[in-house]
Amino acid sequence: MTAIGLIVGTDSVHLISDGALCGADGVIQGIASKVAIATHLRMAIVGTGRINPVEIAAALPASSQDAAMRRLPSYLFEQRRKNAADAPHLEADGRNNVTLLAAIWADDTDRAEGWIISTGHPFLGPDYVPYTLCEVEQVWMPQTASLIGRPDRFRPQIDGSRILNEQRRIGQRGRYWVGGFGEATTVTVGGVTKERLCEWPDIVGAVIDPPRLAT
């Protein structure tokens with residue numbers, strides 16, 4: 001479980017995410033934003049799994065959104081290969097897989113768009129073909145999508161904080177994975193903005209304690 005989600009509205013598209021960088025054992029290795037912004041492309045990306053969106057955003061072609069999006073499958077392929085080489089013991093249960101969400105104001109359609117690409121994710125279902133870019137029409141948020149309501153009425157400070165706190169209480173493999181802080185990244189025709197939604201008193205070097213409430 002990780003707190004990344006994508007909400008596509010009429011005039012904006014939102015990424016919500018937490019800031020806990022956890023190891024495979026659930027111990028927090030660092031607390032930092034997981035979102036990378038390519039301002040010149042009106043694009044923001046966030047990932048789950050052992051992937052660094054900041055490195056990907058820095059390497060994206062600056063020529064166009066289309067060129068940048070078409071490069072994403074190759075970046076994920078290389079990251080998946082590296083993960084398998086670094087941690088072969090995690091292959092059996094799929095923990096070397098990575099998923100990337102992209103929020104853009106599309107140059108070609110002049111509207112908010114959300115996209116997902118993955119090397120394999122159980123919530124994408126058996127028909128998903130790995131490394132394929134798929135457009136998200138309204139919401140992609142495993143286990144808590146029902147909390148969104150109407151995407152075009154999504155309020156980051158109110159709805160985003162509530163959803164992140166709910167995601168924080170969902171465990172996986174005997175650990176909790178949502179922590180540090182919650183933030184929303186919003187892409188509109190005017191560009192990309194990011195705001196802090198909530199914080200939790202988690203500690204680097206320890207596992208996440210979900211009963212602690214957001215401040």
Side-chain angles (χ1 to χ4, degrees), residues 1-9 12-36 44-53 90 92-103 114 116 118-125 128 136 138-186 194-215:
M1 177 66 194
T2 187
I4 67 168
L6 182 64
I7 304 99
V8 184
S12 59
V13 53
H14 309 274
L15 296 173
I16 67 167
S17 55
D18 72 317
L21 308 176
C22 297
D25 57 359
V27 174
I28 299 176
Q29 298 178 342
I31 295 177
S33 177
K34 299 175 181 177
V35 178
I45 58 176
V46 65
T48 180
R50 297 199 316 283
I51 189 171
N52 189 335
L90 299 180
D93 57 2
R95 282 193 282 167
N96 284 326
N97 284 319
V98 293
T99 298
L100 198 70
L101 301 180
I116 186 169
S118 180
T119 65
H121 194 294
F123 289 104
L124 291 173
Y128 176 75
V136 176
Q138 290 188 318
V139 176
W140 190 84
M141 192 173 298
Q143 297 178 286
T144 52
S146 62
L147 300 177
I148 294 295
R150 289 182 55 176
D152 58 346
R153 293 183 179 178
F154 179 75
R155 302 160 299 176
Q157 280 288 348
I158 298 173
D159 302 323
S161 180
R162 175 171 55 88
I163 290 165
L164 285 162
N165 276 286
E166 182 62 30
Q167 289 178 323
R168 179 172 166 84
R169 299 183 180 96
I170 301 174
Q172 188 178 59
R173 300 193 304 273
R175 288 284 188 267
Y176 295 89
W177 305 88
V178 177
F181 59 84
E183 65 181 358
T185 305
T186 301
K194 186 189 293 187
E195 58 182 321
R196 186 72 61 94
L197 302 181
C198 52
E199 297 183 0
W200 301 288
D202 298 310
I203 301 171
V204 174
V207 298
I208 292 171
D209 180 11
R212 294 176 180 170
L213 299 178
T215 57

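On a predicted model such as this, the values are computed, not experimentally measured, just so you know. Side chains are part of it too, since the values below use all heavy atoms of this structure and drop only hydrogens, waters and symmetry mates.
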(request) Search all heavy atoms of Val35 against all heavy atoms of Ala44 and return the closest pair with its distance. (result) CG1-CB, 4.2 Å

(message) To the nearest 0.5 Å, what is the distance between CG on Asp18 and CD1 on Ile31?
(response) 9.5 Å

(message) When you compare the side chain of Gln157 with that of Leu197, does any pair of heavy atoms fall below 4.5 Å?
(response) yes

(request) Could you tell me which non-hydrogen atom of Val207 sits nearest to which non-hydrogen atom of Arg175, and how far apart they are? (result) CG1-NE, 3.6 Å

(request) Indicate yes or no for a side-chain donor-acceptor contact from Ser17 to the backbone of Gly182 under 3.5 Å, with no hydrogens or angles considered. (result) no

(request) Could you tell me which non-hydrogen atom of Gly5 sits nearest to which non-hydrogen atom of Leu101, and how far apart they are? (result) C-CD1, 3.9 Å

(request) Please report the shortest heavy-atom distance between Cys22 and Gly26, naming the atom on each side. (result) SG-O, 4.0 Å

(message) Quick check: closest heavy atoms across Ala36 and Pro53, and the distance to 0.1 Å?
(response) CB-O, 3.3 Å

(request) Would you confirm whether Asp202, through its side chain, and Ile208, through its main-chain N or O, come within 3.5 Å as a donor-acceptor pair? (result) no

(message) Would you compute the distance between atom CZ of Arg155 and atom CD1 of Ile7 and round it to the nearest 0.5 angstrom?
(response) 12.5 Å

(request) Measure the shortest side-chain to side-chain distance between Thr99 and Ile116 over non-hydrogen atoms and say whether it is less than 4.5 angstrom. (result) yes

(message) Could you tell me if the side chain of Gln29 sits less than 4.5 Å from the side chain of Val27, heavy atoms only?
(response) no

(message) Distance check, rounded to the nearest 0.5 Å: His14 atom NE2 versus Glu195 atom CD?
(response) 9.0 Å

(request) Check for a donor-acceptor pair, side chain of Thr119 on one end and backbone N or O of Val98 on the other, with a separation under 3.5 Å. (result) yes

(message) Could you measure the distance from the CD1 atom of Ile16 to the CD1 atom of Ile163? Nearest 0.5 Å is fine.
(response) 5.0 Å

(message) Using 0.5 Å steps for rounding, measure from the CG atom of Leu90 to the CZ atom of Arg95.
(response) 5.0 Å

(message) Please tell me whether Asp209 and Trp200 have a donor and an acceptor in their side chains that are separated by less than 3.5 angstrom.
(response) no

(request) Ignoring hydrogens and angles, tell me if any N or O in the side chain of Lys34 forms a donor-acceptor pair with the backbone of Ala20 under 3.5 Å. (result) yes

(message) So, taking the atom named CD in Glu199 and the one named CD in Glu183, what distance separates them when rounded to the nearest 0.5 Å?
(response) 10.5 Å

(request) State, to 0.1 Å, how close Leu164 and Cys198 come at their nearest heavy-atom pair, and which atoms those are. (result) CD1-SG, 4.2 Å

